[in-house]
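I have placed the structure first, in the form of structure tokens, so that the comments after it can refer back to it.
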Amino acid sequence: MTKRYYITTAIAYPNGKPHMGHAYEAIATDVIARFKRLDGYDVRFLTGTDEHGLKIAQAARAEDVEPRAYVDRMSQPFIALDRQLGISFDRFIRTTDADHKALCQELWTRMAEQGDLYLGRYEGWYSVRDEAYYDEAELVVAEDAAGKPIKLSPQQTPVEWTVEESWFFKLSAYAEPLLKLYAEQPDFIQPISRFNEMRSFVAGGLSDLSMSRTSFDWGVPVPGSPGHVMYVWVDALANYLTGAGGLEGEWWPADLHVIGKDVVRFHTIYWPAFLMSAGIALPKAVFGHGFVLNRGEKMSKSVGNVVDPAAMAERFGVDRLRWFLVREVAFGEDGSYSDEAIIERTNADLANGIGNLAQRSLSMVGKNLDGAMPGPGEAAGLDALNDSLEMLTEAYFAAMNGLQLHKALEAVMGMVAAANGFFAENAPWSLAKTDVGAMANVLHATLDATRRIVLLVQPVMPEASARLLDLLGVASDARDFKDIGVIVDTGTQLPVPQGVFPRWSEAV
RNA sequence: GGCAGCGUAGCUCAGUUGGUGAGAGCGCCGGAUUCAUAACCCGGAGGUCGGCAGUUCAAAUCUGCCCGCUGCUACCA
């Protein structure tokens, strides 16, 4: 039976254009998905958009269009960005999809049958103009016309204490089961810093959760309770089940939810509690990644430093952008990006490193061996080179499987350095004049090292890797990780080499 | 306010059962080389290891206090 792997991103809220955060999450998740496929897994990769809720309804009304028409349009740039970035999703789910609505209601019914849902009242500071509740802490104090102190929302609209009927979920009953889950499965929440935060939060006790709203209707209707739509997180989280094929879906449980650090609580407390209530298996792990900051600052419209990921990919190229984000940002930590950083990083790693390694050895095969792949043979330092490659390959797999994506690429760069060192040490350009056979051995070893390197880099740079493997004469059916020991047939005619990673010399 | 974590070369960071001269990558400088994308290879410069005090024969590594930063969380007015 084939090994299976079900991985998801969070779903994006399409009330604006996709930003770097979406691109980053999609790319990181795609790298893991592609890694698993190359490693022999049957992979299901789900991503999509979260299309219900008040803000969408308001935005649609502001444009005087139906919410459905609004999200039909607003979700398109997200799909387009995924396509542009080479995101290998199997389904782009939209929470307005018909099967998802039905699933949400099934899930709700299960939780209700379990006795975990009850009708109560939701109270809070409510802004009629915003149609939203705010926490006390969010409010600002101002003065009215008469000089009396009043409370305003963050949008400067008046708020009043409001009581609304709402369904509640007995989240409080799940504190102990959750703590047990964390104790038994400490890698359920990653990285460890997030794990500690969530465990501490749960240990402090949980309050029941408001699960429905009556103040707007753009959402999934609560079964048998007219006027109520489901709390957005029920709707949003359930997408993972819909994408798995339903409550008893063939792909469930998920192996990994990749999400932003800002939604860790929903995925590691609410979500498993909902599933426990409904008697459904829990996902294996949740990974909360960090944010990508623009020169160390959070991107915001008011600061005017918002970067369009589509334009970024267009300018630098998809593979260069993907490499930078995965290599430069410690997965799980925040990262910083700038044009200079992208250029510096990719010039060093791709142009000077992988690209140059391939080019220098390939060009010698072209000039000295008529482009015919040389066979293996003795060379000085060959054993040491192979030991390094083997050790670093192990480090790569350990890092990838441990979701230390950046560490995996660090290991790959170690392989590049080992291969370059071996090449320089043997100086095949000198051997070309004295001992062509020895030269051929060096070229073979270097090309095979390059082949191994490029195989490992495929999840990150699928397009460029494919071109490099073509140049290296690697058969299209010998590019999975199981083929890592399969050398290219001696005598294989190699195409005329072309630089795959040109050095970026444009001034910023 | 509580809990947790962090502060080591220009940048990003590794380095705690305390003990040979404090490290890596990138950047920078020099050398060598010419197969290659002015790349690769070799070498070098650069750090009061946030600050102060303490424990110890010995502390980046332990303790206390202080400064700065981050995350989670709570709350007053």
Side-chain angles (χ1 to χ4, degrees), chain A residues 135-141 149 151 189 191-207 260-266 268-269 288-291 293 295-296 298 320 324 327-338 340-369 381 395 404 406-407 409-414 416-433 436 438-440 442-443 446-447 449-450 464 468 471 497-506:
Chain A
D135 284 345
E136 181 88 36
E138 293 180 274
L139 302 178
V140 293
V141 178
K151 291 174 185 293
I189 307 173
I192 187 74
S193 52
R194 302 293 156 201
F195 174 87
N196 290 333
E197 285 173 4
M198 291 305 112
R199 187 178 53 185
S200 144
F201 181 83
V202 175
L206 296 172
S207 305
K261 64 181 183 180
D262 54 330
V263 290
V264 170
R265 188 201 294 182
F266 305 105
T268 61
I269 298 177
H289 67 249
F291 295 147
L293 309 174
R295 293 179 183 282
K298 194 164 182 173
R320 196 182 255 107
F324 172 80
R327 163 87 156 120
E328 184 88 355
V329 181
F331 197 46
E333 307 280 316
D334 286 352
S336 187
Y337 124 88
S338 68
E340 294 91 325
I342 291 180
I343 292 167
E344 191 174 296
R345 182 90 257 167
T346 57
N347 272 350
D349 291 348
L350 304 182
N352 302 350
I354 298 172
N356 186 50
L357 175 65
Q359 189 67 16
R360 69 193 310 198
S361 47
L362 284 170
S363 77
M364 284 201 70
V365 172
K367 289 177 183 172
N368 298 286
L369 300 172
Q404 298 274 89
H406 58 296
K407 293 282 188 191
L409 297 190
E410 192 179 318
V412 169
M413 289 313 297
V416 175
N420 266 323
F422 168 82
F423 193 87
E425 187 67 27
N426 282 284
W429 55 91
S430 295
L431 293 173
K433 299 166 190 163
V436 173
M439 175 206 73
V442 173
L443 293 182
T446 306
L447 288 171
T450 309
L468 270 169
L471 293 177
Q498 304 170 359
V500 172
F501 299 117
R503 184 180 174 80
W504 191 281
S505 54
E506 173 188 324

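Protein chains get the first letters and strands the later ones, always in sequence-line order, with residue 1 at the start of each. Quick note: numbers below take in every heavy atom, side chains included, and nothing from hydrogens, waters or symmetry partners.
Separation of the C1' atoms belonging to B:rA58 and B:rU20 is 13 Å when rounded to the nearest angstrom. Separating the P atom of B:rG71 from that of B:rC57 is a span of 43 Å, rounded to the nearest Å. B:rC6 sits 15 Å from B:rA14 when the C1' atoms are compared, rounded to a whole Å. Here the separation of B:rA45 from B:rU33, taken at their P atoms, is 23 Å to the nearest Å. Atom P of B:rA9 sits at a distance of 9 Å from the matching atom of B:rU48, rounded to the whole Å. For the C1' atoms, the distance from B:rC67 to B:rC52 is 10 Å, rounded to whole Å. Across B:rC62 and B:rG25, the matching C1' atoms stand 31 Å from one another, rounded to whole Å. Between B:rA22 and B:rG44, the distance separating the two P atoms is 15 Å to the nearest Å.
Comparing A:Q359 and A:F201 by the nucleotide of RNA chain B that holds the closest heavy atom to each, the one mapping nearer the 5' end is A:Q359. Mapped onto RNA chain B by nearest heavy atom, A:P502 and A:E410 fall at different nucleotides, with A:E410 at the one closer to the 5' end.
Judged purely by atom type and a 3.5 angstrom limit, A:N426 has no side-chain atom pairing as donor or acceptor with the backbone of A:V442.
For the pair A:F195 and A:T268, the minimum side-chain heavy-atom distance is 4.5 Å or more. Proximity of A:M439 to A:M364: side-chain heavy atoms (C-beta onward) are separated by under 4.5 Å at one or more points. Contact of the A:F423 side chain with the A:L443 side chain is registered, since non-hydrogen atoms from C-beta on lie closer than 4.5 Å.
Across all strands shown, B:rC62 forms a Watson-Crick or G-U wobble pair, both distances under 3.5 Å, with B:rG54. The partner of B:rA24 is B:rU12, judged by Watson-Crick or G-U wobble contacts that both fall below 3.5 Å. As the counterpart of B:rA4, B:rU70 is assigned, both hydrogen-bonding distances of the Watson-Crick or G-U wobble pattern falling under 3.5 Å. Across the strands present, B:rG31 finds its partner in B:rC41; the criterion is a Watson-Crick or G-U wobble pair with both atom distances under 3.5 angstrom.
Scored by the ring-ring contact (aromatic ring centres under 6.0 Å, His included) test, A:F331 finds A:F287 as partners (sequence neighbours excluded). Not a single salt bridge (charged side-chain N to carboxylate O under 4.0 Å, His left out) links A:K407 to another residue, sequence neighbours left out. Looking at residues two or more places apart in sequence or on another chain, you find a salt bridge (charged side-chain N to carboxylate O under 4.0 Å, His left out) between A:E328 and A:R345.
A:F291 places its CZ atom 13 Å from the C1' atom of B:rU70, with the value rounded to the nearest Å. Whole-Å rounding puts the A:L350 CG to B:rC26 C1' distance at 14 Å. B:rC3 atom C1' lies 10 Å from atom CD of A:E197, rounded to whole Å. A straight line from CG of A:L431 to C1' of B:rU34 spans 14 Å, rounded to a whole angstrom. Across the protein-nucleic acid pair, A:L443 atom CG and B:rC35 atom P stand 13 Å apart, rounded to whole Å. A:L471 has its CG atom 13 Å from the P atom of B:rU37, to the nearest Å. One interatomic measurement links the two molecules: NZ of A:K433 to P of B:rC35, which rounds to 6 Å at whole-angstrom precision. For the pair A:N347 CG and B:rA38 C1', the computed distance is 12 Å after rounding to whole Å.
For A:I342 against A:T346, the heavy-atom pair with the smallest separation is O-OG1, 2.7 Å.
Of the inter-residue distances, the one linking A:S338 atom OG with A:F324 atom CZ reads 6.0 Å to the nearest 0.5 angstrom.
Here B:rA36 is the nucleotide among B:rG25, B:rG71, B:rA36 with the atom lying nearest to any side-chain atom of A:K367. Residue A:R194 places its side chain closer to B:rG71 than to any other of B:rG71, B:rC26, B:rU37.
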Open item on the list: Between A:E333 and A:V329, is the side-chain contact (heavy atoms from CB on, under 4.5 Å) condition met? List the steps.
Closed with: CA-CA 7 Å; A:E333 307 280 316; A:V329 181; 5.6 Å; no
B/S/- along nucleotides 5-16 of chain B (protein heavy atoms under 4.0 Å) is ------------
Under-3.5 Å N/O pairs linking protein and nucleotides 39-44 of chain B:
residue, atom, partner, partner atom, Å
B:rA39, OP1, A:R503, NE, 3.4
B:rA39, OP1, A:R503, NH2, 3.1
B:rA39, O2', A:N352, O, 3.3
B:rA39, O2', A:N356, ND2, 3.0
B:rC40, O2', A:R360, NH1, 2.5
B:rC40, O2', A:N420, OD1, 3.4

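Contact annotation for A:S363: backbone-only contact, meaning every heavy-atom pair under 4.0 Å involves sugar-phosphate atoms and none involves a base.
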Which pairs of donor and acceptor atoms, one on a side chain in residues 350-361 of chain A, lie under 3.5 Å apart (sequence neighbours left out)?
residue, atom, partner, partner atom, Å
A:N352, OD1, A:R503, NH1, 3.0
A:R360, NH1, A:N420, OD1, 2.7
A:S361, OG, A:L357, O, 2.9
A:S361, OG, A:A358, O, 3.2

